[in-house]
Amino acid sequence: MEHSILTRARPLLAARLAGALLALAVPMVLARALLPAAYGTFKQAWLVSQTLALALPMGLTQSLYYFVPREPASRDRYVAQTLWAHAVLGLAAAGIVLAGRGFLAARFHNPELQAVLGWVAAFTGLAVAGAPLDLAWNASGRIGAAALARLATELLRTGALVAGAVLAGTVRGALAGMTIATGLRAAAGFALLAHDHGL
């Protein structure tokens with residue numbers, strides 16, 4: 001039982017549980033810190049961001065779970081390719097949001113959304129670029145490190161989001177906080193994975 005999958009997965013399960021609890025608390029804080037219309041704009045911005053962040057990579061990072069254990073000798077190459085691909089996809093995601101500003105604002109019937117799409121583009125691009133960190137570590141068997149990376153990401157992003165929303169009282173403040181936190185994760189992820197696996 002010591003080496004069972006469930007035992008090894010406990011750190012990841014704990015990190016996911018902490019993330020879920022934070023995800024439950026954040027909307028309650030934002031609903032109090034932002035005006036109802038501003039909160040609606042934030043939810044629209046989040047929808048745009050998450051749609052691109054989930055669709056553009058097409059499961060590239062998850063493919064590490066298949067390739068890395070099967071071909072451990074090529075692990076560094078697979079991780080480096082994923083790292084570079086996500087950097088390019090992050091730029092593409094940011095470009096798509098910026099190019100579609102008018103279209104998105106018109107479809108959502110929300111001029112306020114158009115005003116913050118620059119922040120949405122930055123946040124989305126950095127989220128895509130920083131995605132490989134914990135998945136690459138997990139695929140490489142570094143489950144404890146992957147769980148710590150996930151937990152640190154959730155705490156940093158939630159703290160920055162709430163701080164931005166409370167201090168500024170605006171969607172722009174909330175998105176700025178998230179962008180800073182996501183940028184820190186992307187930079188740390190690139191540096192750590194490049195150090196461990198090369199480029």
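Computed from a predicted model, the values in this text were never measured in an experiment.
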Any donor and acceptor pair, going by atom type alone, linking the side chain of R185 with main-chain N or O of T153 inside 3.5 Å? no

Mind checking the CG-CG spacing from L151 to D134? Nearest 0.5 Å is all I need. 11.0 Å

Work out which heavy atom in L56 is nearest to a heavy atom in A92; give both atom names and the distance. CD1-C, 4.4 Å

W137 side, atom CH2; D196 side, atom CG - distance, nearest 0.5 Å: 6.5 Å

Measuring only between side-chain heavy atoms, which start at C-beta, is E71 closer than 4.5 Å to Y78? yes

is_close_aromatic(W84, F190), centroid dist under 6.0 Å: yes

Do H197 side-chain atoms and A80 backbone N/O form a donor-acceptor pair below 3.5 Å? no

Quick note, salt bridge (charged side-chain N to carboxylate O under 4.0 Å, His left out) partners involving residues 26-43, not counting sequence neighbours, are none

Would you find a donor on one side and an acceptor on the other, under 3.5 Å apart, between the side chain of T182 and the backbone of T179? no

With R75 via salt bridge (Lys or Arg N to Asp or Glu O under 4.0 Å) - residues at least two apart: none

T170 (side chain) donor-acceptor with G173 (main chain) under 3.5 angstrom: yes

Main-chain N/O of A136 paired with S140 side-chain donor or acceptor, under 3.5 Å: yes

Got a donor-acceptor contact below 3.5 angstrom from the H109 side chain to the A106 backbone? yes

Quick one: which residue pairs count as a salt bridge (charged side-chain N to carboxylate O under 4.0 Å, His left out) with a foot in residues 106-125, not counting sequence neighbours? none

